[in-house]
Amino acid sequence: MSFQNTREFAQELDRQDELKAYRNEFIFPKVKGKQVIYFTGNSLGLQSKRAKEYVDEVMNDWGNLAVEGHFYAEKPWWDYHERFCQPLSEIVGAKPLEVGVMNTLTVNLHLMMVSFYKPSKTKFKIICEEKAFPSDQYMFQSQVDFHAKNIGFDPKDAIVEVKRREGEHNIRLEDVVAKINEVGDELALVLIGGVNYYTGQVFDMKTITAAGQKVGAYVGWDLAHAVGNVELKLNEWGVDFAAWCSYKYMNSGPGNISGFFVHEKHHHDKDLSRFAGWYGHNKERRFLMESQFDPVAGANGWQISNLPVLAMAPYLASVEMFKEIGMPKLIQKRNLITAYLEFILHEIDKEIPSTEFEVITPASQEERACQLSVYIHGQGKELFHYLMENGVIVDWREPNVIRMAPVPLYSSFEDMYEFGQILKKGILKN
Ligand SMILES: *Cc1c(COP(=O)(O)O)cnc(C)c1O
């Protein structure tokens, strides 16, 4: 499609947008009385009206029923988590028994590592990406330290980062696979962010999973920036485990609950360690208060505590919305709106001689999703402040990278046009 940088053209794309009605389901902050242009759904998604209704329902049931709500609430609390299995499995390409919702993301990755990072003296290495999200780096370091002394390996050698090549912004698939083969027998675990939080690079999870398992390692994915954003086939790819937060593209609210996946091939493996709690115990017998742990079949056998239903409510509203739409439609709009945003950026770049916008997100459609990370050469942080003061919510990373995620659920094409106009004014003013 050949794009035009005009309001009329953007409005026409909005008219043709099958998902346009969903924009009204979300609550946009206002700056100077005007609804913002929101590009940070990759950091905290907007609140939906349905999320608020779902939370209100739990609050009302709690008030009206108190303890009886566990069994007699509109959506009973004692098995509230099971409502996620079907819709969430469709979003991540899993079987319903393979997914669950509990805790928060880094906590769940630690718990998954209890099961899937079982180092020995000769097989203890972890492969991750260079400059992984800081929480993941601290997690790897603390896991390695936790085991190193007991088992007797050197923690300094345990974490192997796959690096970018000199002068390149993204990590090459061939370099990930080569590193996996190089570490070979010593490799215990591969755990990478499915979509890089900084560049927006989407990794080839299928190929990397197969490569890691071929040398005898477990392969897990941190899907914080992938869930609700890219097509996932966790079951088909044979991924061992995965976890994700729900507050980025899935709009469940600040710091909210995490989803996780354990492949069915592991559900009956008695040799896997796990940290247990009563909510992972046999459902029929949970309230008999028995002393011997008998896990529920499937991912929910990794559950630990009584359910934080108030945290689950907005996420349930969200997964139901995603199921209603389906990932293919979201991905179709995602591709179009991201391409339109990139077009607008290039148009403005051409108009203004003093700038050079360098998109560091990979150019190929297979390796990118919602997010564009852009070096704004020739500009400094004043531009960021100008954008924020004028109702464009973006994310700034030093020295001068802007991360922008047009979210297909609630961003409009006219937003992209309007953003371009504000950007142009901001650059000419500074
Ligand atoms: C956002 C994000 C996290 C956040 O983890 P929390 O435990 O929810 O704070 C972790 N890893 C990656 C890759 C992220 O993008």
Side-chain angles (χ1 to χ4, degrees), residues 39-46 84 88 91-92 99-114 116-117 126-143 159 161-162 164 170-171 176 189-205 208-209 219-230 232 234 239 241-261 275 302 304-305 308 311-312 314-315 318-319 360-361 367-373 393-397 401 403-405 407:
F39 280 123
T40 45
N42 55 351
S43 184
L44 179 68
L46 293 178
F84 286 85
L88 199 48
I91 296 164
V92 300
V99 294
V101 174
M102 62 179 182
N103 312 310
T104 44
L105 173 54
T106 311
V107 171
N108 280 345
L109 288 173
H110 273 299
L111 291 172
M112 290 292 110
M113 285 179 80
V114 167
F116 296 102
Y117 180 55
I126 299 172
I127 282 186
C128 61
E129 79 271 41
E130 181 184 34
K131 288 203 195 127
F133 191 84
S135 196
D136 298 36
Q137 294 185 41
Y138 311 147
M139 170 182 75
F140 292 136
Q141 200 59 60
S142 60
Q143 285 275 343
I159 301 168
E161 293 186 349
V162 185
R164 292 164 180 81
N170 296 291
I171 295 172
V176 181
L189 175 68
V190 178
L191 179 47
I192 298 178
V195 176
N196 184 266
Y197 79 99
Y198 184 72
T199 60
Q201 177 181 14
V202 180
F203 285 96
D204 180 341
M205 292 175 246
I208 295 171
T209 300
V219 182
W221 292 94
D222 177 339
L223 300 177
H225 280 258
V227 72
N229 181 22
V230 301
L232 297 166
L234 300 180
V239 167
F241 69 93
W244 53 90
C245 50
S246 60
Y247 49 81
K248 293 174 178 168
Y249 292 104
M250 294 214 66
N251 318 310
S252 82
N256 204 11
I257 198 156
S258 158
F260 70 105
F261 163 91
F275 286 167
W302 271 259
I304 297 179
S305 287
M312 289 179 159
Y315 191 26
S318 170
V319 297
I360 63 174
T361 307
E367 282 189 289
R368 60 158 59 180
C370 268
Q371 179 178 321
L372 291 182
S373 302
I393 313 294
V394 290
D395 170 285
W396 185 270
R397 299 277 151 155
V401 171
R403 297 190 308 166
M404 286 172 279
V407 173

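Counting convention: from 1, in listed order, for ligands and their atoms alike.
- Of the possible polar contacts, none joining the Asp136 side chain to the Ala132 backbone as a donor-acceptor pair under 3.5 Å is found.
- A centroid separation of 6.0 Å or more is found between the aromatic rings of Phe260 and Phe241.
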Donor-acceptor pairs under 3.5 Å, side chain of residues 99-109 to any protein atom, not counting sequence neighbours: which ones?
from   : atom 1 : to     : atom 2 : distance (Å)
Asn103 : ND2    : Asn108 : OD1    : 2.9
Thr106 : OG1    : Ser135 : OG     : 2.8
Asn108 : ND2    : Met102 : O      : 2.8
Asn108 : ND2    : Ser258 : OG     : 2.8

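- The residues lining ligand 1, counting any heavy atom closer than 4.0 Å, are Leu105, Thr106, Phe133, Asp136, Asp222, Ala224, His225, Tyr247, Lys248.
- Residues Met250 and Ile91 meet the side-chain proximity criterion, which asks for heavy atoms closer than 4.5 Å.
- Although no hydrogens or angles enter the test, the distance criterion places a donor-acceptor pair under 3.5 Å between the side chain of Gln201 and the main chain of Ile171.
- In terms of modelled atom types and a separation under 3.5 Å, the side chain of Thr199 and the main chain of Thr361 share no donor-acceptor contact.
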